[in-house]
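The figures here come from the full heavy-atom set of this structure, side chains too, leaving out hydrogens, waters and symmetry mates. Naming convention: chains lettered A, B, ... in sequence-line order (proteins, then strands); numbering from 1 in each chain.
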There are 2 protein chains.
Amino acid sequence: MAATQQYVYPDQDEIRIEAVLAALADPVRLDMVRQLAQSGTEISCSGFDVAVTKSTLTHHLRTLREAGVIMGRQQGTARYNSLRRKDLDELFPGLLQGVLAARR
Amino acid sequence: MAATQQYVYPDQDEIRIEAVLAALADPVRLDMVRQLAQSGTEISCSGFDVAVTKSTLTHHLRTLREAGVIMGRQQGTARYNSLRRKDLDELFPGLLQGVLAARR
DNA sequence: GTCATTGTTCGATGGTTGTCGTAGTTCGAT
DNA sequence: ATCGAACTACGACAACCATCGAACAATGAC
């Protein structure tokens, strides 16, 4: 199922800081978040520049989604992912900014 | 060895964001950091209010120390731990603030 | 319909980690 | 010098997790 399935995203008040931190702690996922933040737009699954297989990428996207870090929009066979920046900034003001300020 | 041993702390420029995030992602460690931030002072190992055994506490303190989140000062048999707030704020401005803003 | 593209799901696997109990070490006080 | 208090170190164990390959599902194009 490449597309039809509808995912459940945590409401803003269901986002837990521990889950967000754990999601951001992995190098691959942190890189994905950086790419999302830097692009400022949506990125399709295949659009991420990461050195893992498709199935591993799906795993990371699910982790980020369930933590409340990203949202997904379906279009055709493609799924476009975007940062939940507003939700995160409201809940944890400064967190994303601080994380993204880290030198790579 | 309760005291004599000198630990090596990462220099500020050796602190990696991934390690900091992983250190903060654990509920017990996050709670310890919250206690440090709220108290504004040092807390001895036995001064933390956590529901784990001493050996587990030592493990968490080591994780926080090696990630660059805390420093330790030896005095007698006690080790006083403090937040490396200045180092973290300089490296990742807003991160600590955002994490601490999270509702418990 | 057939096929390529896109993404998910399902084991399996190896590595990491949080937890504990036990033992050991250092320091200060008696 | 003996004792207790404060931590640390080590081994063990269960749980979790990042990774992959292979198989599957849905969409769009031909």
Side-chain angles (χ1 to χ4, degrees), chain A residues 1-9 16-36 42-67 69-82, chain B residues 1-9 16-33 35-36 41-67 69-82:
Chain A
M1 59 193 70
T4 295
Q5 178 159 342
Q6 274 299 64
Y7 285 125
V8 190
Y9 296 93
R16 294 168 305 121
I17 182 64
E18 294 92 343
V20 172
L21 291 171
L24 297 179
D26 182 87
V28 176
R29 288 194 292 264
L30 181 57
D31 205 27
M32 293 167 64
V33 169
R34 271 202 256 252
Q35 291 176 34
L36 280 171
E42 302 170 314
I43 297 182
S44 71
C45 298
S46 59
F48 286 102
D49 181 20
V50 290
V52 294
T53 64
K54 277 191 304 178
S55 54
T56 301
L57 180 63
T58 296
H59 159 68
H60 286 311
L61 285 169
R62 179 175 50 210
T63 302
L64 288 169
R65 167 167 39 89
E66 293 178 347
V69 177
I70 63 172
M71 289 277 288
R73 181 177 63 87
Q74 198 68 37
Q75 180 167 322
T77 62
R79 176 181 296 274
Y80 290 97
N81 308 279
S82 57
Chain B
M1 58 191 70
T4 296
Q5 177 158 340
Q6 274 301 63
Y7 286 125
V8 190
Y9 296 93
R16 295 168 304 121
I17 182 65
E18 293 91 344
V20 172
L21 291 171
L24 297 179
D26 182 88
V28 176
R29 288 194 293 264
L30 181 58
D31 205 28
M32 293 166 65
V33 169
Q35 291 176 35
L36 281 171
T41 63
E42 302 170 313
I43 298 182
S44 71
C45 298
S46 58
F48 286 102
D49 182 18
V50 290
V52 293
T53 64
K54 277 192 300 179
S55 54
T56 302
L57 181 62
T58 295
H59 160 67
H60 286 310
L61 285 168
R62 180 174 50 211
T63 302
L64 288 169
R65 166 167 40 89
E66 293 178 348
V69 177
I70 62 172
M71 290 276 290
R73 180 177 63 85
Q74 199 68 39
Q75 180 167 321
T77 61
R79 177 180 297 274
Y80 289 97
N81 308 280
S82 56

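Side-chain N/O atoms of A:T56 and A:T53 include a donor and acceptor closer than 3.5 Å.
Side chain of A:C45, nearest nucleotide from C:dG7, C:dG18, D:dA18: C:dG7.
Put simply, the side chain of A:M32 does not reach to within 4.5 Å of the side chain of A:N81, judged on heavy atoms. Within the 4.5 Å cutoff, no side-chain heavy atoms of A:R34 are placed close to those of A:R29.
Within 4.0 Å (heavy atoms only), A:T63 reaches no atom of the nucleic acid at all.
Note: NE2 (B:H59) to P (D:dA12) measures 18 Å, nearest angstrom. Rounded to whole Å, atom P of D:dA23 lies 13 Å from atom NZ of A:K54. Here D:dT8 presents its C1' atom at 11 Å from CG of B:L57, a figure rounded to the nearest Å. Residue A:R65 contributes atom CZ, which lies 7 Å from atom P of C:dT8 at whole-angstrom precision. Following rounding to the nearest Å, A:E66 (CD) and D:dC17 (P) show an atom-to-atom distance of 10 Å. B:D31 places its CG atom 15 Å from the P atom of C:dG18, with the value rounded to the nearest Å. Between the CG atom of B:D26 and the P atom of C:dT16 there is a distance of 18 Å, rounded to whole Å. Regarding A:F48, its CZ atom lies at a distance of 15 Å from the P atom of C:dT6, rounded to whole Å.
Using a distance-only test at 3.5 Å, with no hydrogens or angles considered, no donor-acceptor pair links the side chain of B:Q75 to the main chain of B:Y80. Of the possible polar contacts, none joining the A:Y7 side chain to the A:E66 backbone as a donor-acceptor pair under 3.5 Å is found.
The base of D:dG28 lies outside donor-acceptor range of the side chain of A:T77, with no N or O pair under 3.5 Å.
In terms of phosphate contacts, A:T58 brings a side-chain nitrogen or oxygen within less than 4.0 Å of OP1 or OP2 of C:dT8. A sub-4.0 Å separation between OP1 or OP2 of C:dG18 and a side-chain N or O of B:T56 is absent. The side chain of B:S46 places an N or O atom within less than 4.0 Å of a non-bridging phosphate oxygen (OP1 or OP2) of D:dC7. For the pair A:R79 and D:dA26, the criterion of a side-chain N or O lying under 4.0 Å from OP1 or OP2 is not met. Taking 4.0 angstrom as the limit, B:Y7 places a side-chain polar atom (N or O) nearer than this to OP1 or OP2 of D:dA9. Checking the phosphate oxygens (OP1, OP2) of D:dT19, a side-chain nitrogen or oxygen of A:H60 falls inside 4.0 Å. Neither OP1 nor OP2 of C:dG7 sits under 4.0 Å from any side-chain N or O of A:R62.
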>> I'd like to know whether B:I43 forms a side-chain contact (heavy atoms from CB on, under 4.5 Å) with B:L36, so could you lay out the CA-CA distance, the side-chain angles of the two residues, the decisive distance to 0.1 Å, and finally the verdict.
In response: CA-CA 7 Å; B:I43 298 182; B:L36 281 171; 3.8 Å; yes
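If you check C:dT22 for Watson-Crick or wobble pairing at under 3.5 angstrom, you find it paired to D:dA9.
Comparing A:Q75 and A:S55, the nucleotide of DNA chain D nearest to each residue sits closer to the 5' end for A:S55. When the nearest nucleotides of DNA chain D are assigned to B:Y80 and A:V52 by heavy-atom distance, the more 5′-ward of the two goes with B:Y80.
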